Asker: 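Can you keep this structure in mind? I'll have questions shortly.
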Amino acid sequence: QVQLAESGGGLVQAGGSLRLSCAASGRTFSFYTMGWFRQAPGKEREFVGAVISGFSINTYYADSVKGRFTISEDTAKNTLYLQMNSLKPEDTAVYLCAVRRSTGISYYRAAVYDYWGQGIQVTVSS
């Protein structure tokens with residue numbers, strides 16, 4: 001059973017930065033996708049970015065965060081990071097990390113992920 005735990009959220013002013021972490025335990029599969037999603041009140045869960053680890057490693061981002069957010073992974077620590085810069089009030093949401101036990105082109109769809117963290121609040125004030 002894979003368990004995911006997010007940390008690093010909080011309150012930040014517009015233009016500021018935060019780094020989220022997602023610690024994974026129990027992940028024994030070699031090929032996988034790890035993603036970040038966010039969900040604001042009253043809105044659907046939204047794709048933020050993903051890293052696909054197969055024969056090569058590829059990273060993808062939503063257009064809304066491209067150039068501001070960066071995903072990285074420390075495989076030795078089984079931890080996924082989301083560095084968020086130039087934050088905007090519209091980035092306010094609960095951020096969740098997720099793992100999929102395979103690779104594939106549907107990395108932006110929440111439904112394909114197998115395990116989810118509890119989520120962590122990020123609030124950006126104007």
Side-chain angles (χ1 to χ4, degrees):
Q1 183 74 10
V2 176
Q3 293 185 322
L4 303 172
E6 301 95 340
S7 61
L11 173 65
V12 64
Q13 288 188 333
S17 298
L18 280 175
R19 189 178 81 156
L20 304 183
S21 300
C22 173
S25 60
R27 190 190 69 203
T28 58
F29 33 93
S30 300
F31 287 9
Y32 57 87
T33 302
M34 289 195 74
W36 285 101
F37 289 77
R38 65 188 182 186
Q39 190 162 18
K43 294 188 177 181
E44 292 188 356
R45 192 163 293 185
E46 176 189 19
F47 171 72
V48 174
V51 57
I52 300 177
S53 181
F55 292 108
S56 62
I57 297 175
N58 295 283
T59 308
Y60 301 91
Y61 299 94
D63 288 343
S64 59
V65 306
K66 201 172 293 183
R68 299 188 298 123
F69 291 10
T70 303
I71 291 176
S72 61
E73 186 180 16
D74 185 333
T75 54
K77 296 182 179 180
N78 285 327
T79 300
L80 184 73
Y81 301 99
L82 180 66
Q83 178 67 45
M84 304 185 293
N85 299 328
S86 302
L87 282 161
K88 305 175 182 180
E90 51 263 43
D91 294 318
T92 295
V94 173
Y95 283 71
L96 306 100
C97 66
V99 173
R100 179 188 187 188
R101 291 173 296 181
S102 64
T103 61
I105 61 174
S106 298
Y107 55 85
Y108 54 89
R109 295 179 58 226
V112 305
Y113 288 81
D114 301 297
Y115 304 98
W116 290 85
Q118 292 294 318
I120 193 162
Q121 179 69 43
V122 171
T123 303
V124 184
S125 63
S126 57

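These numbers come from a predicted model, not from an experiment.
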Asker: Any side-chain heavy atom of Val51 sitting closer than 4.5 Å to one from Trp36?
Answerer: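 No, every pair of side-chain atoms sits at 4.5 Å or beyond.
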Asker: Please list all pairs meeting disulfide (SG to SG under 2.5 Å) that have one or both residues in residues 7-99, counting only residues at least two apart or in different chains.
Answerer: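 Listed once each, the pairs are Cys22-Cys97.
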Asker: Give, for atom OG of Ser53 and atom CZ of Phe31, the distance between the pair rounded to the nearest 0.5 Å.
Answerer: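 Going from OG on Ser53 over to CZ on Phe31, the span is 7.5 Å.
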Asker: Could you tell me whether the side chain of Ser64 reaches within less than 4.5 Å of the side chain of Glu90, counting heavy atoms only?
Answerer: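 Side-chain contact under 4.5 Å: no.
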Asker: Does Met84 reach the side chain of Leu20, with side-chain heavy atoms less than 4.5 Å apart?
Answerer: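 In short, these two side chains touch, coming nearer than 4.5 Å.
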Asker: Would you kindly confirm whether Leu87 and Tyr81 end up in one hydrophobic cluster when ILVMFWY residues are joined by side chain heavy atoms under 4.5 Å apart?
Answerer: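 Shared cluster, no.
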Asker: For a 4.5 angstrom cut-off between non-hydrogen side-chain atoms, does Asp114 reach Val2?
Answerer: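 Side-chain contact under 4.5 Å: no.
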Asker: For the OG atom of Ser7 and the CD1 atom of Ile120, what is their distance to the nearest 0.5 Å?
Answerer: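 CD1 of Ile120 is found 6.0 Å from OG of Ser7.
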Asker: To the closest 0.5 Å, what do you measure between OG (Ser72) and CG (Leu82)?
Answerer: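 If we round to the nearest 0.5 Å, Ser72:OG and Leu82:CG are 8.5 Å apart.
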Asker: Kindly state whether the ring of Tyr113 and the ring of Tyr107 have centres lying under 6.0 angstrom apart.
Answerer: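 No, they do not, as the ring centres are separated by 6.0 Å or more.
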Asker: Which heavy atom of Arg45 sits nearest to which heavy atom of Ala110, and what is that distance?
Answerer: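 That closest heavy-atom pairing would be CD-CB, 4.3 Å.
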Asker: Over all heavy atoms of both residues, which pair between Met34 and Ala24 is shortest? Give the atoms and the distance, please.
Answerer: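 Looks like CE-CB, 4.4 Å.
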Asker: Does the side chain to side chain contact (heavy atoms under 4.5 Å, CB included) test come out yes or no for Arg68 and Asp91, once each step is laid out?
Answerer: CA-CA 11 Å; Arg68 299 188 298 123; Asp91 294 318; 2.8 Å; yes
Asker: If I compare all heavy atoms of Thr70 with all of Tyr61, which pair ends up nearest, and what's the gap?
Answerer: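 In this case the closest contact between Thr70 and Tyr61 is CA-OH, 3.4 Å.
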Asker: If you look only at pairs with a residue in residues 33-83, which of them pass as a disulfide (SG to SG under 2.5 Å), with sequence neighbours excluded?
Answerer: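 Qualifying pairs: none.
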Asker: Between Arg19 and Gln83, is any side-chain donor less than 3.5 angstrom from a side-chain acceptor?
Answerer: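 Side-chain D/A pair, Arg19 to Gln83: absent.
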Asker: Report yes or no: do Tyr60 and Leu96 belong to one cluster of Ile/Leu/Val/Met/Phe/Trp/Tyr joined by side chain heavy-atom distances under 4.5 Å?
Answerer: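 In one cluster with Tyr60: Leu96, yes.
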Asker: Answer with yes or no whether the hydrophobic clustering places Ile71 together with Phe69; edges join I, L, V, M, F, W, Y residues whose side-chain heavy atoms lie under 4.5 Å apart.
Answerer: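 Same cluster: Ile71 reaches Phe69 through Ile, Leu, Val, Met, Phe, Trp or Tyr contacts under 4.5 Å.
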Asker: Can you find a pair of side-chain heavy atoms, one from Val65 and one from Arg38, that are under 4.5 Å apart?
Answerer: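 A side-chain contact exists here, since the closest heavy-atom pair is under 4.5 Å.
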Asker: Is there a path from Ile105 to Phe47 through hydrophobic residues (I, L, V, M, F, W, Y) whose side chains come within less than 4.5 Å of each other?
Answerer: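 Not linked; separate clusters.
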Asker: Could you see if Leu80 belongs to whatever hydrophobic cluster contains Val112? Use Ile, Leu, Val, Met, Phe, Trp, Tyr and a side-chain cutoff under 4.5 Å.
Answerer: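 The answer is no; the residues belong to distinct hydrophobic clusters.
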Asker: Taking all heavy atoms of Ser126 and all of Ala14, pick out the closest pair and write down the distance.
Answerer: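 Heavy atoms only, the tightest pair is CA-CB, 4.4 Å.
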Asker: Counting N and O atoms only, with roles assigned by atom type, does the side chain of Thr92 sit under 3.5 Å from a partner on the main chain of Val124, one being a donor and the other an acceptor?
Answerer: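 Yes; at least one donor-acceptor contact below 3.5 Å.
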Asker: For Ala93 versus Gln121, what's the shortest heavy-atom pair and its separation?
Answerer: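 Shortest heavy-atom contact: O-NE2, 3.5 Å.
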Asker: Ignoring hydrogens and angles, tell me if any N or O in the side chain of Thr33 forms a donor-acceptor pair with the backbone of Ile52 under 3.5 Å.
Answerer: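 Not a single qualifying donor-acceptor pair exists.
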Asker: Does Gln118 reach the main-chain N or O of Ala5 with its side chain, forming a donor-acceptor pair under 3.5 Å?
Answerer: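 Looks like no, no N/O pair under 3.5 Å.
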Asker: Checking Tyr115 now: which residues fulfil ring pair (Phe, Tyr, Trp, His ring centres under 6.0 Å) with it, not counting sequence neighbours?
Answerer: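 For Tyr115, no residue satisfies ring pair (Phe, Tyr, Trp, His ring centres under 6.0 Å) once neighbours in sequence are set aside.
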Asker: Could you pull out the closest heavy-atom pair between Phe37 and Val48, with the gap in Å?
Answerer: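 Closest heavy-atom pair between Phe37 and Val48: C-CG2, 3.8 Å.
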